Amino acid sequence: MIISTGTASGKSLAYLTPAVASCLDGGTILYLTPTKALAADQLRALRELRITQVRAACFDGDTPFEERTWVRQHANYVLTNPDMLHRGILPRHAQWSSFFRRLRLIVVDECHGYRGVFGSHVAQILRRLRRVCARYGSQPTFLLASATASEPGAFAKRLTGLEMDEVTVDASPKGSTTIALWEPPLTELRGEGGAPVRRTATAEAADLLADLVLADVRTLAFVRSRRGAETVALSARAKLSDVAFSLTPHRTPSTAKTSPTDSSLDRPASASPSEAPEDQGSTGPDTAMQGASAVSPFGWNLADGERADLAELPDKIAAYRAGYLAEDRRLLEKALRAGTIMGLATTNALELGVDVSGLDAVLIAGWPGTRASFWQQAGRAGRDGRNALAVLIARDDPLDTYLVHHPQALFGQPVEAIVLDPDNPYVLGPHLCAAAAEIPLTENDLPTFGSTTADVLDDLVNQNLLRKRQAGWFWTRRERATDLADIRGGGGAPIQVVESSTGRLLGSVDEPSAHSTVHTGAVYLHQGETFLVELLDLDAGVALVSSGNPDYTTFARDITDISILSTERSHPLGPGTLHFGEVEVTRQVVSYLKRRLHSGEMLGDEPLELPPRTLRTRAVWWTLPASAVAPLAEAGIDLGGAAHAAEHASIGLLPLFATCDRWDIGGVSTELHADTGLLTVFVYDGHEGGAGFAERGYARATDWLTATREAIMSCECERGCPSCIQSPKCGNGNEPLDKRGAIRLLNTLLTPEQRMPSPPDMAAGGC
């Protein structure tokens with residue numbers, strides 16, 4: 001069964017009731033969550049019930065090794081995540097035999113988080129879990145929960161491989177939520193090609209967070225990166241320190257006048273508190289000190305007793321993200337619930353179901369990728385039934401720009417269908433090896449893993465990863481089969497990240513991502529520390545890093561070539577044709593950009609020498625015949641620049657229609673492609689074998705490309721900027737780009753005409 005109702009609608013109670021009843025009846029419960037924070041929060045809630053027969057415990061990376069034996073032998077309610085299930089529980093199922101024999105219920109909480117390649121891996125892990133349960137004679141019920149799942153029954157069936165009942169009626173009481181769409185102002189800075197640069201979403205979020213905390217509004221600020229969360233917290237704390245200093249008695253009186261009604265919450269984005277390019281400005285005008293009371297820069301009168309607490313203002317804001325010690329994360333969660341901390345800047349680690357009730361406002365610094373994630377994050381405020389505020393702060397990005405100018409694309413729309421592909425052979429293969437290592441595979445197991453299992457098993461045998469015998473398929477190697485699957489990466493042998501001065505192993509990066517994330521010169525973040533990559537040795541599988549504190553971040557650039565292997569589907573689109581099929585993408589990282597952290601200002605483009613990589617994946621592409629593009633060329637349109645600009649913008653808008661991030665996909669555009677002989681624009685999945693994103697683009701092509709055109713048209717720049725057609729990862733340095741031409745090209749594609757194919761000529765770009 002899947003329960004898909006709104007945030008704070010009682011889903012936890014819906015699965016806790018049968019779970020606790022099963023424990024009282026001698027059964028065991030397995031609870032799965034995408035994040036450690038949610039598992040720890042659920043454990044706290046269970047312990048507050050004070051039911052001695054429920055022996056609940058977390059079993060994840062934060063669990064001390066001395067406690068793990070007790071959990072295996074005595075716990076009857078185990079809370080874990082897919083990573084630990086994949087690497088720690090299923091490979092050692094014999095040690096969990098007593099637990100599996102009595103397993104009655106498997107709770108898969110916040111299941112909408114299992115999407116894309118990660119979701120495909122989790123789908124196969126759940127199939128392995130079903131095999132292990134059958135090995136010990138148990139047939140547990142799967143109960144899935146999500147506040148934001150589209151077509152929940154169909155999605156849950158694809159995730160688990162089981163038929164599903166769904167519960168979608170939500171009659172829970174809710175307060176109203178005011179949602180603001182906030183676009184930062186343009187600055188005087190100029191980026192590539194002289195394009196204007198907007199003030200960063202993190203700078204705006206820091207200002208708003210400080211304002212809201214000063215107004216005694218309990219606020220959560222969602223930021224897309226760990227570094228961003230730290231930056232927002234530090235900047236907001238600095239602004240509160242400035243306020244505290246300006247209001248202390250030793251402050252020299254100022255002649256500045258402030259209005260008691262001049263609340264910063266009513267201030268437009270263009271009048272943000274800090275206009276300096278580096279976000280180094282005062283948080284407001286100086287304060288006039290008048291006798292026993294003062295007026296703050298934000299319009300609030302402060303009495304003597306209130307001034308005594310001013311020194312503690314900065315301590316009311318903190319950062320929260322993965323990488324902190326478990327006990328530190330628990331203390332932050334407790335402090336937020338208690339009101340000791342009034343503002344928390346966090347990554348999406350607190351997006352899912354963690355009980356932080358009592359919040360008044362949520363800031364979302366940058367579109368979180370999907371409507372599902374947006375409503376999850378916005379739903380964190382007002383969870384106790386009170387009214388709430390949610391502010392979406394747009395980044396300098398085509399999708400963010402589109403949404404603040406087209407709110408109808410956000411409101412009144414269903415959440416996205418969750419895309420995953422458990423049959424992807426590059427996902428299925430490693431999990432078949434892991435399953436064979438756990439329990440030898442037999443013919444009876446093939447339907448469990450999907451219709452392509454037999455073909456993938458033959459390939460694994462040919463690669464000498466499995467050995468076929470009369471009884472089935474066996475894992476015969478000494479290595480751990482689970483190491484073949486990097487469930488949160490893209491597969492391939494991982495690159496070890498090592499601190500050069502100490503030899504300390506910091507972590508690992510999947511090989512497909514290593515070229516762009518740990519190349520020589522890259523800025524690498526690990527558990528709150530910043531490192532610079534000294535050397536990437538692909539042959540040794542090692543990236544050597546050293547501690548550093550640069551004021552910039554890095555973005556890899558590559559050149560891309562694409563060839564069509566097969567076309568699976570096609571249909572006319574205006575005077576052109578839309579296609580979906582398998583492609584081979586050859587990419588080579590050739591340089592990396594340095595951008596200043598706070599302002600986004602470009603500091604340089606450094607060359608790199610890395611080998612090309614080949615990716616077999618799936619793509620959606622469209623072509624236009626010469627008869628359609630000839631009038632554009634005659635009108636002086638740069639066809640290569642127009643196609644390139646349309647490609648960039650369509651990559652930026654696809655996440656609105658497919659459950660992905662723009663970094664999950666790539667694209668190539670050319671006036672004359674070797675395989676089509678026509679002007680062609682490709683958008684492809686950035687994961688081996690495909691992840692379903694391009695397929696969603698093919699299915700929603702008209703809506704997707706119409707939104708792309710509208711995003712370009714609505715941007716206020718003249719020639720193109722990061723908010724519409726420029727891409728941070730463009731291999732051609734965002735050249736050539738033709739904004740006016742992209743609009744004309746998309747108008748042509750989206751206008752029905754008679755089709756008269758004939759090839760044009762020239763240039764290409766890939767991103």
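Position 1 is the first residue of the sequence, and the numbers go up from there. As the structure is a prediction and not an experimental result, all values here were calculated from the model.
- Taking both residues in full, the closest heavy atoms of Ile495 and Ala543 are given as CG2-N, 3.8 Å, listed atom of the first, atom of the second, then distance.
- At least one side-chain heavy atom of Phe142 sits less than 4.5 Å from a side-chain heavy atom of Arg130.
- The aromatic rings of Phe59 and Trp96 sit perpendicular to each other, their planes meeting at more than 60°, with 30° as the lower class boundary.
- Of all heavy-atom pairs between Leu344 and Leu209, the closest is N-CD1, 4.4 Å.
- Applying the side chain to side chain contact (heavy atoms under 4.5 Å, CB included) test to Thr340 and every residue at least two apart in sequence or in another chain returns Ala335, Ala338.
- The closest side-chain heavy-atom distance from Phe222 to Gln376 is not below 4.5 Å.
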Ile3 vs Leu144, side chain to side chain contact (heavy atoms under 4.5 Å, CB included): CA-CA, chis, key distance, verdict: CA-CA 6 Å; Ile3 302 171; Leu144 286 70; over 6 Å; no
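- Note that CZ of Arg87 is 9.5 Å distant from CD1 of Ile125, once rounded to the nearest 0.5 Å.
- Judged by distance alone, the side chain of Asn76 and the main-chain N or O of Arg102 form no donor-acceptor pair under 3.5 Å.
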Check against side chain to side chain contact (heavy atoms under 4.5 Å, CB included), Thr63 and Met84: CA-CA 11 Å; Thr63 306; Met84 185 59 80; over 6 Å; no
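- Remark: side-chain polar atoms of Asp360 are paired, donor with acceptor, to backbone N or O of Arg218 under 3.5 angstrom.
- If you take CG on Asp165 and CD1 on Ile2, they are separated by 11.0 Å, rounding to the nearest 0.5 Å.
- Residues Leu460 and Gly429 come closest through the heavy atom pair CD1-O, 3.6 Å.
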Test side chain to side chain contact (heavy atoms under 4.5 Å, CB included) applied to Arg237 and Asp315, step by step: CA-CA 7 Å; Arg237 287 167 65 95; Asp315 296 332; 3.7 Å; yes
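- Counting heavy atoms from C-beta outward, Tyr77 and Thr28 have side chains that stay 4.5 Å or more apart.
- Atom CD of Glu166 and atom OG of Ser4 lie 8.0 Å apart (nearest 0.5 Å).
- The 12-atom threshold is not exceeded at CD of Glu151, counting heavy atoms of other residues, nucleotides or ligands nearer than 6.0 Å.
- Between Ala378 and Ile364 the shortest heavy-atom distance is N-CD1, 4.2 Å.
- With sequence neighbours excluded, the residues forming a side chain to side chain donor-acceptor pair (under 3.5 Å) with Arg128 are His86, His431, Glu438, listed by chain and number.
- Taking a 6.0 Å sphere around CD of Glu48, one finds it holds more than 12 heavy atoms contributed by other residues, nucleotides or ligands.
- Applying the side chain to side chain donor-acceptor pair (under 3.5 Å) criterion to Tyr31, with sequence neighbours excluded, gives Asp109.
- Here the straight-line distance linking atom NE2 of His687 with atom CZ of Phe693 works out to 5.0 Å at 0.5 Å rounding.
- At a threshold of 4.5 Å between non-hydrogen side-chain atoms, the residues Glu110 and His112 count as touching.
- Heavy-atom minimum distance, Ala75 versus Phe99: O-CD1, 3.8 Å.
- Taking each heavy atom of Cys23 and Val54 in turn, the nearest pair found is CB-CG2, 4.1 Å.
- With Arg480 contributing its side chain and Ala434 its backbone, the two residues share no donor-acceptor pair below 3.5 Å.
- The side chain to side chain contact (heavy atoms under 4.5 Å, CB included) test applied to Arg131 returns Ala435, Ile439, Leu441, Asp445, Phe449, not counting sequence neighbours.
- Cation-pi geometry between Arg371 and Phe374 is not met: the NZ or CZ atom fails to fall both under 6.0 Å from the ring centre and inside 45° of the normal.
- Residues Ser12 and Gln42 are in side-chain contact: their nearest non-hydrogen atoms beyond the backbone lie under 4.5 Å apart.
- The closest donor-acceptor contact from the side chain of Ser138 to the backbone of Cys133 lies under 3.5 Å.
- Annotation: side chain of Thr80 is in contact with side chain of Leu32 (closest heavy-atom distance under 4.5 Å).
- The CD1 atom of Ile341 lies 11.0 Å from the CG atom of Leu220; values are rounded to the nearest 0.5 Å.
- Looking at residues two or more places apart in sequence or on another chain, you find a side chain to side chain contact (heavy atoms under 4.5 Å, CB included) between Ala123 and Arg127, Leu159, Leu420, Pro422.
- A side-chain donor-acceptor contact under 3.5 Å links Asp170 to the backbone of Ser172.
- Applying the side chain to side chain contact (heavy atoms under 4.5 Å, CB included) rule to Ala40 yields the partners Arg330; only residues at least two apart in sequence or on another chain are considered.
- Leu79 CG to Thr33 OG1: the interatomic distance, rounded to the nearest 0.5 Å, is 8.5 Å.
- A salt bridge does not link Asp60 to Lys36: none of the charged nitrogens lies less than 4.0 Å from a carboxylate oxygen.
- A 4.5 Å side-chain heavy-atom check between Ile487 and Pro82 finds at least one atom pair inside the cut-off.
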Working for side chain to side chain contact (heavy atoms under 4.5 Å, CB included), residues Val107 and Leu16: CA-CA 9 Å; Val107 178; Leu16 273 175; over 6 Å; no
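- Ile29 places none of its side-chain heavy atoms less than 4.5 Å from the side chain of Tyr15.
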